[in-house]
Chemist: 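Provided herewith is a single structure, encoded as structure tokens, for subsequent inquiry.
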Amino acid sequence: MGRGHPGDQIRLAMFALIDGNNFYVSCERVFNPRLMGRPVVVLSNNDGCAVARSEEAKALGIKMGVPWFQVQSLARKHGVIALSSNYTLYADMSNRMMSLLGQFAPQEIYSIDECFLYFDGFQMDLTVYGQTIRQRIKHWLGLPVCIGIGPTKTLAKLANHIAKKQPYWKGVCNLGTLPETALNNLLAGIEVGEVWGIGRRLREKLHHLNIRTALALKCADTDLIGRMFSITAKRTVTELRGMPALRLDEVAPARQQILCSRSFGMPVTLYSELQEAVTSYITRAAEKLRCQSLLAHAVHVYIHTNPHRKRDAQYRQGITVTLTEPSCDTIKLTRAGLWGLARIYRTGYRYNKAGIMLMELVPADALRQTALFAHGTTMADKARTLMTTLDLVNRRMGKDTLALAGAGTVKNWHMKRNHKSPCYTTEWKELAEAHC
DNA sequence: TCTGGGGTCCTAGGACCC
DNA sequence: TCTGGGGTCCTAGGACCC
């Protein structure tokens with residue numbers, strides 16, 4: 001590809017942000033064409049909130065994150081199809097999309113449905129290139145995406161927003177070739193809250209300063225913004241002006257924590273059920289930990305009642321338990337977690353959620369200090385072999401083929417998933433079939 | 001009756017030290 | 001009336017993202 005040379009006078013590098021349209025809904029539609037043209041929503045765990053909506057569902061006024069029960073009657077009236085989230089399917093589709101996109105330019109995967117590409121010294125019309133990328137994803141995977149291009153990540157994000165909202169751009173908005181006045185006119189029409197990094201709180205405060213559009217923020221005094229808010233906000237202003245303050249991170253930085261938490265399908269009062277939940281969550285998190293070749297030095301456990309039920313007595317508590325030495329052994333981590341749970345558990349409450357965090361993560365291969373009274377290598381070796389075997393069996397024979405007995409088998413507390421679609425691409429038993 | 005889950009970064013403030 | 005100052009480290013909580 002036509003890369004620039006170090007001696008080049010001007011290197012106009014551009015960022016692109018590729019974002020799946022209504023990603024979860026689109027994934028479902030790939031395997032179930034009957035969902036096309038109809039209002040569809042994908043629900044969060046426990047069928048709690050709407051986390052993805054088709055254009056038709058958005059048109060009905062169903063907002064992002066709205067509790068499902070609040071819009072259920074409206075949905076029924078208009079024949080909205082609700083699906084429980086099927087993360088296994090979405091993750092698999094995401095992997096396919098990301099590996100395709102990675103063939104076009106250096107890539108940073110930003111989320112399950114978004115990535116940045118970096119065009120440095122590309123001697124071509126990037127708008128045309130963008131259309132090529134877009135069509136490739138559509139043809140090969142059946143997923144619709146929009147593409148935003150700009151000289152900084154923040155502008156690429158904004159361009160993507162514009163590409164999604166304004167049909168004029170045909171899915172690819174390239175701010176890189178726009179004259180300054182045209183760019184400013186465009187920015188003047190965008191609410192400041194749409195800018196990447198400006199959330200609800202910041203938006204409110206900016207409004208008080210009479211900064212209401214992306215253009216107004218671009219023209220704001222950077223030092224003032226830095227002093228009043230944070231260095232992050234200051235960076236956003238710099239980026240809006242076309243000066244990169246954020247680079248492309250091709251290698252994902254090592255995780256700093258691994259979290260697993262779930263709301264329960266029903267209120268939980270029994271200590272034994274909380275123990276089961278905590279054991280299950282630690283099992284899941286420890287799998288992820290080993291998958292990334294990391295060890296955890298601490299386990300944080302928390303439980304709480306349902307804050308939305310004002311009439312109920314409320315309780316929330318968490319505790320961090322430090323291990324004598326970093327570990328990825330499910331059994332050791334579980335023992336620490338349950339020890340913590342015993343410290344924070346109180347009877348007489350209706351708990352609706354428990355969660356665990358593996359913290360202080362270190363690479364498994366890094367030289368580490370061995371605890372003074374740690375077991376000899378034979379014990380550690382045995383544990384390692386056991387865990388490797390556990391992962392292998394579960395990968396081959398299916399999730400939870402082998403699990404700690406403490407995780408329970410009945411799992412009354414398990415979350416609700418009443419509308420789940422099959423795992424079309426990752427389970428032999430659920431392979432896609434013709435639906436029409 | 002029913003309100004998600006998994007992350008990161010930044011800041012303020014306290015503890016502690018010299 | 002007087003009651004330093006500055007640096008570092010840690011933690012909790014806020015804000016943001018998808």
Side-chain angles (χ1 to χ4, degrees), chain A residues 17-24 41-52 62-73 75 82 84-87 90-91 94 108-116 153-154 157 160-161 192-206 226-236 245-246 249 252-267 281 284-285 288-289 292 298 300 302 304-312 316-320 322 350 352-361 415-419:
Chain A
L17 181 83
I18 295 90
D19 189 336
N21 301 352
N22 322 322
F23 189 70
Y24 298 166
V41 301
V42 172
L43 304 176
S44 64
N45 277 335
N46 261 319
D47 297 340
C49 304
V51 290
I62 298 174
K63 301 267 182 254
M64 176 68 179
V66 71
W68 183 234
F69 73 91
Q70 282 177 9
V71 289
Q72 209 159 20
S73 62
S84 301
S85 40
N86 183 347
Y87 287 106
Y90 312 148
S94 171
E108 172 186 334
I109 296 171
Y110 179 67
S111 77
I112 191 160
D113 71 329
E114 276 176 70
C115 78
F116 288 100
K153 282 181 161 182
T154 304
K157 270 283 229 184
N160 187 279
H161 171 77
V192 69
E194 303 292 350
V195 176
W196 190 35
I198 308 299
R200 230 185 46 240
R201 289 303 169 91
L202 218 46
R203 173 179 173 272
E204 241 172 74
K205 290 177 186 166
L206 289 170
R227 256 181 290 126
M228 285 195 68
F229 305 112
S230 69
I231 190 165
T232 328
K234 186 174 169 178
R235 241 177 247 145
T236 299
L246 303 165
D249 284 320
R255 287 260 158 278
Q256 295 182 29
Q257 50 186 230
I258 293 173
L259 226 131
C260 186
S261 71
R262 295 278 181 282
S263 300
F264 303 132
M266 51 165 52
Y281 302 164
R284 190 70 64 234
K288 283 193 212 168
L289 190 70
Q292 297 175 40
H300 183 84
Y302 65 88
H304 63 73
T305 51
N306 189 344
H308 300 289
R309 287 182 61 101
K310 303 288 181 212
R311 285 165 306 162
D312 281 11
R316 62 162 54 228
Q317 193 54 262
I319 187 173
T320 304
T322 304
R350 291 155 57 86
N352 88 315
K353 185 170 181 174
I356 69 98
M357 265 167 76
L358 301 183
M359 310 190 329
E360 294 175 45
L361 307 186
M415 64 183 180
K416 284 183 291 197
R417 276 167 112 189
N418 294 330
H419 315 279

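Quick note on labels: first sequence line is chain A, next is B, and so on, each numbered from 1.
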Chemist: From the options B:dT3, B:dC10, C:dC17, select the nucleotide whose nearest atom is closest to the side chain of A:Ile231.
Modeler: B:dC10
Chemist: Quickly work out the A:Lys310 NZ to B:dT3 C1' distance and round it to whole Å.
Modeler: 11 Å
Chemist: Less than 3.5 Å apart, any donor N or O on the side chain of A:Asn86 or A:Ser84 sitting next to an acceptor on the other?
Modeler: no
Chemist: Which whole-number value in Å describes the distance from A:Arg350 CZ to B:dT1 P?
Modeler: 11 Å
Chemist: Base, sugar-phosphate alone, or nothing: which one does A:Ile112 contact when heavy atoms must sit under 4.0 Å apart?
Modeler: nothing
Chemist: Taking the six-membered ring of A:Phe229, is the NZ or CZ of A:Lys234 close enough (under 6.0 Å from the centre) and on axis enough (within 45°)?
Modeler: no
Chemist: What's the closest nucleotide to the A:Ser111 side chain, out of C:dC18, B:dG6, B:dT3?
Modeler: C:dC18
Chemist: Counting any heavy atom closer than 4.0 Å, what does A:Trp68 reach on the DNA or RNA strands: base, sugar-phosphate only, or nothing?
Modeler: nothing
Chemist: Return no unless some side-chain N or O of A:Arg309 is found under 4.0 Å from OP1 or OP2 of B:dC2.
Modeler: yes
Chemist: Just compare B:dT3, B:dG6, B:dC10 and give me whichever is closest to any side-chain atom of A:Ser230.
Modeler: B:dC10
Chemist: What's the closest nucleotide to the side chain of A:Arg262 if the choices are B:dG6, B:dT11, B:dT8?
Modeler: B:dG6
Chemist: Heavy atoms only, 4.0 Å cut-off, all strands: where does A:Glu114 land among base, sugar-phosphate and nothing?
Modeler: sugar-phosphate
Chemist: Please confirm whether the backbone N or O of A:Gly48 pairs with a side-chain atom of A:Asn46, one donor and one acceptor, at under 3.5 Å?
Modeler: no
Chemist: When we call it a touch if two heavy atoms are under 4.0 Å apart, what does A:Asn306 touch: a base, just sugar-phosphate, or nothing?
Modeler: sugar-phosphate
Chemist: Hey, does the side chain of A:Ser261 come within less than 4.0 Å of B:dG6's phosphate (OP1/OP2), counting only N and O?
Modeler: yes
Chemist: Any side-chain N or O of A:Ser263 under 4.0 Å from OP1/OP2 of B:dG5?
Modeler: yes
Chemist: Classify the ring geometry of A:Tyr110 against A:Phe116: parallel below 30°, tilted from 30° to 60°, perpendicular beyond 60°.
Modeler: perpendicular
Chemist: Using whole Å, report how far CG of A:Leu246 lies from C1' of B:dC9.
Modeler: 12 Å
Chemist: What heavy-atom pair brings A:Trp196 and A:Thr236 nearest, and what distance separates the two atoms?
Modeler: O-CG2, 3.8 Å
Chemist: Distance check needed: B:dC10 P versus A:Phe229 CZ, whole Å only.
Modeler: 17 Å
Chemist: Taking C-beta and beyond as the side chain, do A:Thr320 and A:Met359 meet within less than 4.5 Å on heavy atoms?
Modeler: yes
Chemist: For A:Lys157, answer base if it contacts any base atom (sugar-phosphate contacts may also be present), sugar-phosphate if it contacts only those atoms, and nothing otherwise; contact means non-hydrogen atoms under 4.0 Å.
Modeler: sugar-phosphate
Chemist: Could you let me know what C:dG6 is paired to, Watson-Crick or G-U wobble, both distances under 3.5 Å, or none if it's on its own?
Modeler: B:dC17
Chemist: Look at all strands and tell whether A:Val195 reaches a base, only sugar-phosphate, or nothing, counting heavy atoms closer than 4.0 Å.
Modeler: sugar-phosphate
Chemist: Whole Å only: how far is the CE atom of A:Met64 from the P atom of B:dG4?
Modeler: 12 Å
Chemist: Ignoring backbone atoms, test whether A:Arg255 places a side-chain nitrogen or oxygen under 4.0 Å from the OP1 or OP2 oxygen of B:dT8.
Modeler: yes
Chemist: Distance from A:Asp47 atom CG to A:Trp68 atom CH2, nearest 0.5 Å?
Modeler: 9.5 Å
Chemist: Does the side chain of A:Gln256 get closer than 4.0 angstrom to OP1 or OP2 of B:dC9 through an N or O atom?
Modeler: yes
Chemist: Please tell me which of the listed nucleotides, B:dT3, B:dG5, C:dC17, lies nearest to the side chain of A:Asn45?
Modeler: B:dG5
Chemist: Mapping A:Gln70 and A:Thr232 onto DNA chain B by nearest heavy atom, which one lands closer to the 5' end?
Modeler: A:Gln70
Chemist: Does a side-chain N or O of A:Arg235 approach OP1 or OP2 of B:dC10 to a distance below 4.0 Å, or not?
Modeler: yes
Chemist: If you check every side-chain atom of A:Cys49, which of B:dG7, B:dT3, C:dC18 has the closest atom?
Modeler: B:dT3
Chemist: Starting from the 5' end of DNA chain B, give me the residue, A:Lys288 or A:Tyr87, whose nearest nucleotide shows up first.
Modeler: A:Tyr87
Chemist: Report which part of the nucleic acid A:Leu202 touches: base, sugar-phosphate, or nothing (heavy-atom distance under 4.0 Å, all strands).
Modeler: sugar-phosphate
Chemist: For A:Asn46 and B:dT3, is the shortest distance between a side-chain N/O and OP1 or OP2 below 4.0 Å?
Modeler: no
